[in-house]
Number of protein chains: 2
Amino acid sequence: MTHSEENYLKAIFHLSRQGTGTISTNAIAEQMDTKPSSVTDMLKRLSDKDLVNYKKYQGVSLTETGRYSALAIIRKHRLWEVFLVEKLDFTWDEVHEIAEQLEHINSEKLIDRLDTLLGHPKFDPHGDPIPGKNGEFKERDKELLSKMPVGGKGVCVGVKDSSATFLKFLDKNQIALGQQIEVLDKEEFDNSMHIRIGGEQLLVSHQIASNLYLKPSEES
Amino acid sequence: MTHSEENYLKAIFHLSRQGTGTISTNAIAEQMDTKPSSVTDMLKRLSDKDLVNYKKYQGVSLTETGRYSALAIIRKHRLWEVFLVEKLDFTWDEVHEIAEQLEHINSEKLIDRLDTLLGHPKFDPHGDPIPGKNGEFKERDKELLSKMPVGGKGVCVGVKDSSATFLKFLDKNQIALGQQIEVLDKEEFDNSMHIRIGGEQLLVSHQIASNLYLKPSEES
DNA sequence: ACAAATTTTTAGAATCACCTAAAAATAACC
DNA sequence: GGTTATTTTTAGGTGATTCTAAAAATTTGT
């Protein structure tokens with residue numbers, strides 16, 4: 001598989017686990033910052049290799065093999081991200097670009113050893129789950145902060161938008177994975193939320209709140 | 001720079017620091033396991049980018065920039081090899097292929113951090129020197145075992161042939177970098193050598209002896 | 001359901017990196 | 001020094017990945 005093919009599979013996988021229903025050529029083109037015509041070309045090639053199910057004008061989906069391959073790449077990407085943060089002291093906003101390159105390195109032994117070195121982590125630095133060696137993958141239990149009720153509590157477990165700008169904003173405001181967050185109040189006007197985080201109080205906009213995932217604590 | 005361009009620069013660099021004089025199209029083709037016509041194509045492209053000095057039928061050499069780029073790639077290759085051996089417990093015969101991929105990862109910060117993690121190593125697992133961040137590079141003082149006189153002593157510091165077969169042979173015979181070796185006798189007949197290594201005595205063929213580098217100990 | 005808007009695909013071209021086969025230049029030999 | 005042999009280059013072609021522009025299919029709006 002070429003780097004390009006791998007990138008397409010990854011994109012299709014990501015789109016299929018958020019977007020609703022079938023995946024359009026345009027959506028892939030946008031995600032990958034390329035032209036729809038290029039996408040069509042690639043879809044044909046991936047279809048020839050039985051990595052996707054593709055019928056003209058009808059959208060795409062991954063085949064069993066395609067999904068498996070996509071998960072393998074995502075596994076590599078996320079393990080490398082953990083490596084960069086844990087072993088090389090990168091910050092969580094710096095790792096994505098480098099991992100985009102490292103994810104294409106081909107060596108099963110390398111990934112196995114890396115996994116061991118890192119202690120078989122289950123989540124990457126952004127809180128996203130790391131697929132298992134045999135393609136096991138399940139999303140973690142989580143809820144957007146913006147959807148939590150007033151009085152709700154939870155632990156910050158991930159971000160939806162993982163752009164460097166957003167991550168840097170979080171760092172600046174001392175918001176990090178693993179931190180306890182409590183919803184104190186919601187403003188009707190703009191849906192911004194008053195939250196308590198690490199002893200401090202903070203007012204966050206709706207846009208922030210709808211990009212932060214919490215694992216809700218059980219309420220009695 | 002593309003991966004392929006990087007590989008050509010590396011090949012030219014390696015050829016220029018063993019072969020005598022100018023580097024031929026054929027030599028590059030052989031080194032890279034490709035056809036001479038492909039080499040010519042690439043040399044034109046590299047010449048356009050001022051990475052090599054190239055005149056038809058006259059052979060090639062690296063420009064200042066070309067040499068600098070080649071050293072940067074070799075630096076990456078060798079640092080990754082150290083990483084694989086030191087941190088992921090690979091053996092010295094396994095690391096080359098993986099490092100061939102890793103050497104193309106583009107991130108200065110990544111390499112700086114890796115260098116720090118590894119404690120700024122000066123030599124890779126095969127005893128080859130690691131170029132400095134700013135292109136400093138000098139070969140270590142060494143001599144082929146086959147050229148040592150009877151009675152000569154030295155420390156094993158590198159191999160000429162670094163193929164997996166040869167390296168595995170060395171492992172099997174407990175020959176490793178850093179080990180003290182003494183030449184006990186030479187056989188006239190086939191130039192094989194009796195050596196003492198780590199308490200043991202061993203008879204090695206000329207072919208073995210002419211692929212092992214020693215740093216000769218000062219004799220008085 | 002039909003025209004308009006949008007999405008998707010085709011057609012044709014460019015670039016990179018490789019190939020084969022043939023031509024041109026250089027080197028080697030008597 | 002001229003003929004061979006070798007090396008190197010050109011010419012032309014292939015596959016992968018991208019693009020633009022135009023055509024075809026689908027969806028939307030009324």
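A note on names: the letters A, B, ... follow the listed sequences, proteins ahead of strands, and every chain is numbered from 1. Heavy-atom basis, side chains included; hydrogens, waters and symmetry copies ignored.
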Kindly say if [X] contacts the phosphate of [N], meaning a side-chain N or O under 4.0 Å from OP1 or OP2.
X	N	result
B:Tyr57	C:dA23	no
A:Tyr54	C:dT8	no
B:Thr2	C:dA17	yes
A:Asn26	C:dT8	yes
B:Thr34	C:dC19	yes
B:Ser37	D:dT8	no
A:Lys56	C:dT7	no

d([atom1], [X]; [atom2], [N]) in whole Å:
X	N	atom1	atom2	answer
A:Met1	D:dA16	CE	C1'	15 Å
A:Lys35	D:dC19	NZ	C1'	8 Å
B:Tyr8	C:dC16	OH	P	14 Å
A:Lys55	D:dT26	NZ	P	13 Å
A:Asn7	D:dA16	CG	C1'	14 Å
A:Met42	C:dT9	CE	P	15 Å
B:Glu30	D:dT6	CD	C1'	14 Å
B:Arg45	C:dC18	CZ	C1'	9 Å

Students often get this wrong, so: under 4.0 angstrom with heavy atoms, is B:Thr25 touching a base, only sugar-phosphate, or nothing?
sugar-phosphate
What contact category does B:Ser38 fall into here, base, sugar-phosphate, or nothing, at under 4.0 angstrom with non-hydrogen atoms?
base
How about B:His126 and B:His96: are their ring centroids closer than 6.0 Å?
no
Determine, using ring centers only, whether B:Phe137 and B:Tyr68 are less than 6.0 Å apart.
no
I'd like to know if A:Arg140 pairs up with A:Asp128 as an ion pair, taking the criterion as any Lys NZ or Arg NE/NH1/NH2 lying under 4.0 Å from an Asp or Glu carboxylate oxygen.
no
Does the ring of A:Phe13 carry A:Arg67 above it, NZ/CZ under 6.0 angstrom from centre and within 45° of its axis?
no
Between A:Asp41 and B:Ser24, who's closer to the 5' end of DNA chain D by nearest nucleotide?
B:Ser24
Pairwise 5' ranking along DNA chain D for B:Lys44 and A:Gln58, keeping only the more 5' one
B:Lys44
Side chains of A:Ser61 and A:Asn53 only: does a donor on one sit below 3.5 Å from an acceptor on the other?
yes
